[in-house]
2 protein chains.
Amino acid sequence: MTDTAETVADARERDEDAVSRFVERFASELTEAGMQRMASRVFAALLVSDTGSLTSAEIAERLRISPAAVSGAIRYLSQVDMVVREREPGTRRDRYRLFDSVWYESFTRRDQVLIRFRNTLVEGVEALGPGTPAGSRVAETVEFFEFLHEEMQGMLDRWEVYKAKRGAGS
Amino acid sequence: MTDTAETVADARERDEDAVSRFVERFASELTEAGMQRMASRVFAALLVSDTGSLTSAEIAERLRISPAAVSGAIRYLSQVDMVVREREPGTRRDRYRLFDSVWYESFTRRDQVLIRFRNTLVEGVEALGPGTPAGSRVAETVEFFEFLHEEMQGMLDRWEVYKAKRGAGS
DNA sequence: CACTTGTTTCAGAAAATTGTGAAGTTAAGG
DNA sequence: CCTTAACTTCACAATTTTCTGAAACAAGTG
């Protein structure tokens, strides 16, 4: 379908074509980094929306995907706390909104993965024997992940401080 | 020492079954986190070897995979600097060895991903217009990734210090 | 309570990924 | 050089993943 007639907007209208290219490109990078394809695209679409929120229909239209695909992507994004669902009052339509602290949440989640790794590795040390060369190599890896876990929290705290300061500053 | 009696503390033989279970389990976690399946398994196999190195044939045998699969996995692991190839002197066999600083390298690599993200996001800000709500949301994301990039280096430095200190201490 | 609108589930077609055997390439050793 | 051992590449079959349309489901509304 061709786009609606140009309503006379007051000022600079954004170049939807360039925005769409950005959405696809960023989504594709997220996908390469391990996120599901549709989840990446939906997330990127939300990121470039002015309100930081869209309805299912809006997402489906902009991304040219089926409602079913939207549903699946949202399920994932909710699970990993990147998006919240909210009912649009007075309608029967849901709105999906970016978490304010998406990146914070997303890294916290990554931290959980570190913990799982670490626990598996501890079992590895046992199986190998702590005194063996392989055992002590794995033990060092355990230490690395524990170190990382501790650093992570500090880092996210520093980000919050940084963000608050900058927000207050301008 | 010809004594055949084994004390608990003295048990020297590792339980290959338990080790193998650990290999598969850790590999599977790496895979979930985004690494190729065979690369994960080969990496885990190297991790539990006492010398930290194996030949192609050894890997193929332990993992029950074809030489072709080993080849593919090694190609990936070399590319991401987790493994180095070295020719076994006097033979025509290659040995694949874990980088001493695998995790360091691997996180440095992750840092490269951050930079790519950041660059894409900067283009996004342009497309959206820096003044728009969406534009400033993406701009904040740029800031987050820049922040992360800086933290990363500091963190890895602190790990090196920590490791050196602990190595000297014990 | 039937109707309408919006979301989710599910079976299956389509596409992408993966691992293999076999052929090909390289280089050591006689 | 010729043989042979080791590794790599390639085409293909098998598996897995992904996305869709259709149907089921849910929840406001008249």
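Only a predicted model underlies this, so the values are computations on that prediction, with no experimental measurement involved. Residue numbers begin at 1 in each chain, while the letters A, B, ... track the order of the sequences.
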Looking only at the side chain of A:Ala68 (C-beta and beyond, no hydrogens), which of the listed nucleotides D:dG21, C:dT8, D:dC19 gets closest? D:dG21

Testing A:Thr120, A:Val113, A:Ile115, A:Asn119 one by one against A:Phe117 for a side chain to side chain contact (heavy atoms under 4.5 Å, CB included), which residue passes? A:Val113

Nearest whole angstrom, please: distance from the P of D:dA6 to the CD of B:Glu86. 17 Å

Euclidean distance, atom CZ of residue B:Arg37 to atom C1' of D:dT15 [Å, nearest integer]: 10 Å

Using OP1 and OP2 only, check whether a side-chain N or O of B:Ser56 sits under 4.0 Å from D:dC7. yes

In whole angstroms, the gap separating P of C:dT9 from CD1 of A:Ile74 amounts to 13 Å

For residues 37-53 of chain A, run the donor-acceptor check on the side chains, cut-off 3.5 Å, and write out each pair with its distance to 0.1 Å, sequence neighbours left out.
{"from": "A:Ser40", "atom 1": "OG", "to": "A:Thr31", "atom 2": "OG1", "distance (Å)": "3.2"}
{"from": "A:Ser40", "atom 1": "OG", "to": "A:Gln36", "atom 2": "O", "distance (Å)": "2.8"}
{"from": "A:Arg41", "atom 1": "NE", "to": "A:Glu24", "atom 2": "OE1", "distance (Å)": "3.1"}
{"from": "A:Arg41", "atom 1": "NE", "to": "A:Glu24", "atom 2": "OE2", "distance (Å)": "3.3"}
{"from": "A:Arg41", "atom 1": "NH2", "to": "A:Glu24", "atom 2": "OE2", "distance (Å)": "3.0"}
{"from": "A:Arg41", "atom 1": "NH2", "to": "A:Leu63", "atom 2": "O", "distance (Å)": "3.1"}
{"from": "A:Ser49", "atom 1": "OG", "to": "A:Leu46", "atom 2": "O", "distance (Å)": "2.7"}
{"from": "A:Ser49", "atom 1": "OG", "to": "A:Gly52", "atom 2": "N", "distance (Å)": "3.1"}
{"from": "A:Ser49", "atom 1": "OG", "to": "A:Ser53", "atom 2": "N", "distance (Å)": "3.2"}
{"from": "A:Asp50", "atom 1": "OD1", "to": "B:Ala134", "atom 2": "N", "distance (Å)": "2.9"}
{"from": "A:Thr51", "atom 1": "OG1", "to": "A:Ser53", "atom 2": "N", "distance (Å)": "3.2"}
{"from": "A:Thr51", "atom 1": "OG1", "to": "A:Ser53", "atom 2": "O", "distance (Å)": "3.0"}
{"from": "A:Thr51", "atom 1": "OG1", "to": "A:Ser53", "atom 2": "OG", "distance (Å)": "2.9"}
{"from": "A:Ser53", "atom 1": "OG", "to": "A:Arg95", "atom 2": "NE", "distance (Å)": "3.0"}
{"from": "A:Ser53", "atom 1": "OG", "to": "A:Arg95", "atom 2": "NH2", "distance (Å)": "3.1"}

From the set C:dT20, D:dG28, C:dG19, return the single nucleotide nearest to any side-chain atom of A:Arg87. D:dG28

Using only side-chain N and O atoms of B:Arg64, determine if any of them is under 4.0 Å from OP1 or OP2 of C:dT20. no

For the ring pair A:Phe144 and B:Trp159, is the centre-to-centre distance below 6.0 Å? yes

Check every strand shown and say whether B:Arg41 touches a base, only sugar-phosphate, or nothing at a heavy-atom separation below 4.0 Å. nothing

DNA chain D contacts made by residues 88-97 of chain B, counting heavy atoms under 4.0 Å: B:Arg92, B:Arg93, B:Asp94, B:Tyr96

Parallel, tilted or perpendicular: which one describes the rings of B:Phe145 and A:Trp103, with boundaries at 30° and 60°? perpendicular

Compare every heavy atom of A:Val70 with every heavy atom of A:Ser56, then report the nearest pair and how far apart it is. OG-CG1, 3.7 Å

Roughly how many Å is it from CG in A:Leu63 to C1' in D:dC19, rounded to a whole number? 13 Å

Would you say that more than 12 heavy atoms from the other residues, nucleotides or ligands in this model lie under 6.0 Å from the CD of B:Glu61, or not? no

Between A:Ser66 and D:dC19, is there a side-chain N or O to OP1/OP2 distance below 4.0 Å? no

Would one find a side-chain N or O of B:Arg75 under 4.0 angstrom from OP1 or OP2 of D:dT9? yes

Under 4.0 Å, heavy atoms only, any strand: does B:Ser71 hit a base, just the sugar-phosphate, or nothing? base

Closest heavy-atom contact between B:Arg93 and B:Thr91? N-OG1, 2.9 Å

Let me know the distance between CD1 of B:Ile59 and C1' of D:dA6, rounded to the nearest Å. 13 Å

B:Arg85 CZ to D:dA6 P: how many Å, rounded? 15 Å

Base, sugar-phosphate, or nothing: which does A:Ile65 touch, judged by heavy atoms less than 4.0 Å apart? sugar-phosphate

Could you tell me how far apart B:Gln36 (CD) and D:dT15 (P) are, to the nearest whole angstrom? 20 Å

Find the distance B:Met35:CE to C:dT18:C1' and express it as a whole number of Å. 16 Å

